[in-house]
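Just below is one structure, and these are the notes that go with it.
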Amino acid sequence: MDIVVAPNPILRQVCEPCDVGDKSLKKLAKEMAKTMYKNEGVGLAAPQVGVLKRMFVADCDFESGKKNPIAFINPEIIASRGETVVDGEGCLSCPGITVPIARPAEVTVRYFDLDGNECEMEAEGLWARCIQHELDHLDGKTLFESAAPMDRLQALQDYDVALAAGARPGETSVKVR
Ligand code: NI
């Protein structure tokens with residue numbers, strides 16, 4: 001699948017809920033996971049492949065050494081805890097840049113799996129950050145919209161430079177300076 005890259009207006013749309021019983025979601029999730037791994041991402045949201053549905057795939061578990069993507073259908077953050085942490089984030093749809101984003105350290109996400117079961121995950125660390133990032137995509141927000149105002153200006157400048165330098169999805173820094 002091709003990755004939609006900012007500033008494509010597709011990325012600014014608010015996505016529609018999925019029909020939880022929709023069998024085509026399994027195929028979509030499989031294709032999205034393949035695309036995510038190929039581009040060395042830890043998460044990929046449906047609008048990033050041009051599908052305006054509320055679902056994303058993610059895999060932030062590196063310790064097992066195995067690929068174990070999780071599909072989050074109609075995800076919702078139902079609780080957040082801990083302090084707000086600022087860390088640099090990259091995005092397959094904003095190649096070539098890393099942007100500092102403030103997010104709660106821990107979240108609880110409720111979602112449906114591909115078999116239509118309602119699930120909950122308590123996430124911290126990279127999982128918490130990834131889930132919040134991907135959920136932003138479903139609400140039409142990219143790194144630029146999630147960043148603090150000054151960081152956004154810097155990010156937009158960096159992004160112009162990165163695009164001009166030919167940044168590809170999966171790259172989080174383009175050495176141009
Ligand atoms: Ni992203």
Side-chain angles (χ1 to χ4, degrees), residues 1-16 18 25 28-62 67 69-77 80 84-105 107 109 111 121 123-149 151-163 165-174:
M1 299 180 114
D2 288 330
I3 292 184
V4 177
V5 168
N8 190 315
I10 286 174
L11 297 170
R12 302 302 313 282
Q13 306 296 310
V14 176
C15 296
E16 295 289 328
C18 298
L25 291 175
L28 175 64
K30 201 173 167 184
E31 292 291 313
M32 284 172 59
K34 206 190 276 183
T35 304
M36 174 180 80
Y37 291 122
K38 187 178 162 213
N39 291 280
E40 293 175 32
V42 293
L44 185 69
Q48 293 182 273
V49 291
V51 178
L52 293 173
K53 287 186 177 171
R54 300 191 76 80
M55 72 94 81
F56 63 83
V57 294
D59 183 359
C60 301
D61 178 16
F62 305 112
K67 287 177 178 168
I70 298 179
F72 296 78
I73 315 292
N74 294 345
E76 264 182 283
I77 289 175
S80 53
T84 300
V85 180
V86 178
D87 204 353
E89 292 183 17
C91 177
L92 295 179
S93 292
C94 310
I97 60 170
T98 300
V99 184
I101 311 276
R103 303 202 187 269
V107 294
V109 59
Y111 62 100
M121 181 196 280
E124 55 179 31
L126 182 60
W127 267 112
R129 184 161 289 277
C130 177
I131 285 165
Q132 292 175 84
H133 175 113
E134 301 310 329
L135 248 163
D136 279 352
H137 277 300
L138 307 185
D139 292 320
K141 290 165 79 179
T142 68
L143 291 176
F144 304 115
E145 289 74 37
S146 304
D151 293 327
R152 178 184 311 151
L153 289 177
Q154 184 65 53
L156 286 166
Q157 282 180 21
D158 290 348
Y159 192 51
D160 278 346
V161 175
L163 284 186
R168 314 297 314 164
E171 295 174 349
T172 49
S173 66
V174 169

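Both ligands and their constituent atoms are indexed starting at 1 by order of listing. What you see below is based on every heavy atom in this structure, not just the backbone, and it leaves out hydrogens, waters and symmetry mates.
Looking only at side-chain heavy atoms (C-beta outward), Leu138 and Pro75 come within less than 4.5 Å of each other.
The environment of CD in Glu40 is sparse: at most 12 heavy-atom neighbours from other residues, nucleotides or ligands sit within 6.0 Å.
For the pair Glu89 (side chain) and Leu143 (backbone), a donor-acceptor distance under 3.5 Å is absent. Looking only at distances, no side-chain donor or acceptor of Asn39 sits under 3.5 Å from a matching main-chain atom of Gly170.
Taking the six-membered ring for Trp and thresholds of 30 and 60 degrees, Trp127 and Phe72 have ring planes inclined between 30 and 60 degrees apart.
For a distance threshold of 2.8 Å, the protein N, O or S atoms nearer than that to the Ni ion (ligand 1), listed by chain and number, are Cys91 SG, His133 NE2, His137 NE2.
Tyr37 contributes atom OH, which lies 11.0 Å from atom CG of Leu44 (distance to the nearest 0.5 angstrom).
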